[in-house]
Amino acid sequence: MKLDKTMPGLIVKKHGPELTQIPTPQIEHPDEVIVQVELAGICLTDLLVAQGKLPNVAGQAFGHEFSGRVVAKGANCPLTINETVAVNPIIPCGTCSDCHKQLPHLCGNTQLLGVSQPGAFAKYCKVHRNQCYRVPANLAPSIAAYAEPVAAMLSILNCNIRPKDKVVVLGHGRIAKLCAFILSTQGIQILEQSETENIDFLIVISPTESLPVESLKTGGQIIVKSRAPSKLSIPYSTVVQKRITIRGVNYAPFSQALDFIQAYQEDMTQFIGNHYPLAQFKCAFSADDNKKAFLNLCAD
C-alpha cells in the first residue's frame with residue numbers, strides 16, 4: 001500500500017493543539033510497523049500534553065491509547081497487512097534487569113508514544129513490531145484501544161489483595177471506577193473511606209494532597225497508582241508507628257490486559273464513551289470524564 005507523503009495529525013503549539021498536515025512515517029527498519037489508527041483514546045496524559053504541561057516531540061502527533069490496522073511492515077514483522085492490532089504505547093529500555101528477565105512491563109526506564117516518540121492522534125503511527133498485539137475478530141476496536149488503562153489497573157492485582165481485606169480507593173471518575181471493577185472480578189469490594197477504619201489497603205488513583213494514613217491498620221499498605229506530578233504529604237511518625245508499606249505499581253503485561261478485556265468485553269462497554277472525528281478534538285478533550293472519549297481517525 002502506497003502511503004501519502006503527508007497526513008492529518010494533531011500537534012501541540014504555543015497556543016495549544018492544532019490539526020495540521022505532518023509527514024507520514026516510513027518503514028526504516030525491519031522491525032517497524034506502520035499502523036493506520038482507527039480509534040485513539042484520550043487520557044489525562046494527553047490533556048497534560050495538550051496544555052503544554054508535559055512536553056512531547058515538537059511538530060509530531062501526541063496520543064498513545066489506540067487500535068488500528070497494519071498497512072506497512074518491515075521484513076522481520078510476522079503480522080499481515082490489514083490485520084487489526086492493539087498497540088502497547090509503553091516502550092521499555094531493553095537494557096535494565098527487568099527487560100533482561102523478559103519482564104518489560106516492569107521496566108523503570110520506559111518511554112511513551114505521543115510523548116517521547118510520535119503518537120496516535122494522526123492517520124498513521126509507526127511502532128516496533130513487539131508493541132503490536134493481534135486483536136480477536138470479536139473484540140470491538142474501542143475495547144481494544146482501551147487495553148493500556150486496563151494493563152495499568154491490572155498491576156494492582158500483583159499486591160496480593162484478598163477478598164476479605166478492607167480496601168479503600170482514593171480517586172474519582174472513570175479510572176477509579178475501572179479499578180473497582182477489576183478488583184470486583186477477584187471478589188474484592190471497595191469500601192467508603194468515611195465508614196472504614198483499620199484499612200488493609202489504601203489505593204491512590206487520583207492526585208491527593210494528603211493520605212488518611214491514620215485509617216490504616218498496623219501493617220497496612222498504601223498502593224500508589226497515580227502518576228500526577230503533585231506531592232504526597234505523609235506523616236512519617238504514623239508510617240513508622242504503624243509499620244505502613246508504601247508501594248508503587250506500574251503495569252501488568254499488555255497480553256494480560258487483552259485477555260481481560262476479551263473475557264469481560266460486555267462489562268467494559270460501561271467505560272467507553274463517544275467517538276469524535278479528529279477535527280472535533282476540542283469537543284473530545286472536554287468530554288465527560290466518567291467515560292473514555294475517543295478520536296475516530298477514520299471518520300470524515
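Bear in mind the structure is a predicted one, so any value in this text is a computation, not a measurement.
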Is there side-chain contact between [X] and [Y], with heavy atoms separated by less than 4.5 Å?
X	Y	answer
Leu113	Ile91	yes
Thr95	Asn109	no
Val249	Cys159	yes
Cys99	Cys93	yes
His275	Leu39	yes
Val150	Met268	yes
Cys179	Ile156	yes
Val168	Ile203	no

Would the number of heavy atoms belonging to other residues, nucleotides or ligands and lying under 6.0 Å from [atom1] of [X] be above 12?
X	atom1	value
Lys217	NZ	no
Glu214	CD	yes
Gln189	CD	no

Rounded distance (nearest 0.5 Å) linking atom [atom1] of [X] with atom [atom2] of [Y]:
X	Y	atom1	atom2	value
Glu38	Phe294	CD	CZ	11.0 Å
Leu258	Leu139	CG	CG	7.0 Å
Lys123	Leu3	NZ	CG	8.0 Å
Ile188	Leu183	CD1	CG	5.0 Å
Leu178	Asp267	CG	CG	11.5 Å
Asp31	Asn76	CG	CG	4.5 Å

Checking the side chain of [X] only, and the main-chain atoms of [Y] only, is there a donor and an acceptor separated by less than 3.5 Å?
X	Y	result
Thr269	Gln265	no
Ser215	Ile199	no
Glu83	Val70	no
Asp165	Val167	no
Thr24	Thr6	yes
Gln60	Ile22	no

Are [Y] and [X] linked, directly or through intermediate hydrophobic residues, by side-chain heavy-atom contacts shorter than 4.5 Å (ILVMFWY only)?
X	Y	value
Val169	Leu191	no
Ile143	Met153	yes
Ile246	Leu216	yes
Leu44	Leu112	yes
Phe260	Phe271	yes

- [ ] Taking side-chain hydrogen bond (donor to acceptor under 3.5 Å, both in side chains) as the test, write out the residues that go with Glu28, two or more places apart.
- [x]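 In terms of side-chain hydrogen bond (donor to acceptor under 3.5 Å, both in side chains), with neighbours along the sequence ignored, Glu28 is linked to Lys126.
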Open item on the list: I'd like to know whether Cys43 forms a side-chain contact (heavy atoms from CB on, under 4.5 Å) with Lys292, so could you lay out the CA-CA distance, the side-chain angles of the two residues, the decisive distance to 0.1 Å, and finally the verdict.
Closed with: CA-CA 8 Å; Cys43 80; Lys292 171 72 70 173; 3.5 Å; yes
TODO: Report the relative orientation of the aromatic rings in Phe254 and Tyr133; use parallel for angles under 30°, tilted for 30 to 60°, perpendicular for over 60°.
DONE: tilted
Could you pull out the closest heavy-atom pair between [X] and [Y], with the gap in Å?
X	Y	value
Val204	Ser206	CG1-O, 3.6 Å
Pro78	Lys73	C-NZ, 4.5 Å
Ala61	Ile11	N-CG2, 4.0 Å
Ile182	Leu154	CG2-CD2, 3.7 Å
Ser155	Asn250	OG-O, 3.4 Å
Ile261	Ala147	CD1-CB, 4.1 Å

TODO: Show your reasoning for whether side-chain contact (heavy atoms from CB on, under 4.5 Å) applies to Val35 and Val33.
DONE: CA-CA 6 Å; Val35 177; Val33 180; 4.0 Å; yes
- [ ] Could you tell me whether the side chains of Gln241 and Thr238 share a donor-acceptor contact shorter than 3.5 Å?
- [x] no
Open item on the list: Can you confirm whether the side chains of Asn290 and Arg174 place a donor and an acceptor under 3.5 Å from each other?
Closed with: no
Task: Gln221 and Ile244: CA distance, side-chain angles, deciding distance, side-chain contact (heavy atoms from CB on, under 4.5 Å) verdict - done: CA-CA 6 Å; Gln221 293 191 39; Ile244 293 170; over 6 Å; no
- [ ] Tell me whether the guanidinium CZ or amine NZ of Lys225 lies under 6.0 angstrom from the six-membered ring centre of Phe201 and within 45° of its axis.
- [x]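 No - Lys225 does not lie over the ring of Phe201 by the 6.0 Å and 45° rule.
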TODO: Check the pair Glu32 / Arg129 against salt bridge (Lys or Arg N to Asp or Glu O under 4.0 Å), numbers first and verdict last.
DONE: CA-CA 6 Å; Glu32 292 177 338; Arg129 63 186 177 90; over 6 Å; no
TODO: State which residues pass ring-ring contact (aromatic ring centres under 6.0 Å, His included) with His128; sequence neighbours excluded, sorted by chain then number.
DONE: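 Counting only residues at least two positions away or on another chain, His128 forms no ring-ring contact (aromatic ring centres under 6.0 Å, His included).
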TODO: Evaluate the salt bridge (Lys or Arg N to Asp or Glu O under 4.0 Å) criterion for residues Lys166 and Glu197: first the C-alpha distance (whole Å), next the side-chain angles of each, then the deciding distance (0.1 Å), finally the verdict.
DONE: CA-CA 9 Å; Lys166 292 183 177 180; Glu197 295 181 352; over 6 Å; no
Open item on the list: What verdict does the side-chain contact (heavy atoms from CB on, under 4.5 Å) test give for His105 and Ile90, after you've listed the backbone C-alpha separation in whole Å, the side-chain angles of each residue and the deciding distance to 0.1 Å?
Closed with: CA-CA 8 Å; His105 60 286; Ile90 308 301; over 6 Å; no
Task: Contact list for residues 42-78, test ring pair (Phe, Tyr, Trp, His ring centres under 6.0 Å), sequence neighbours left out - done: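 For residues 42-78, and leaving out neighbouring residues, the ring pair (Phe, Tyr, Trp, His ring centres under 6.0 Å) pairs sorted by first residue read Phe62-Phe121.
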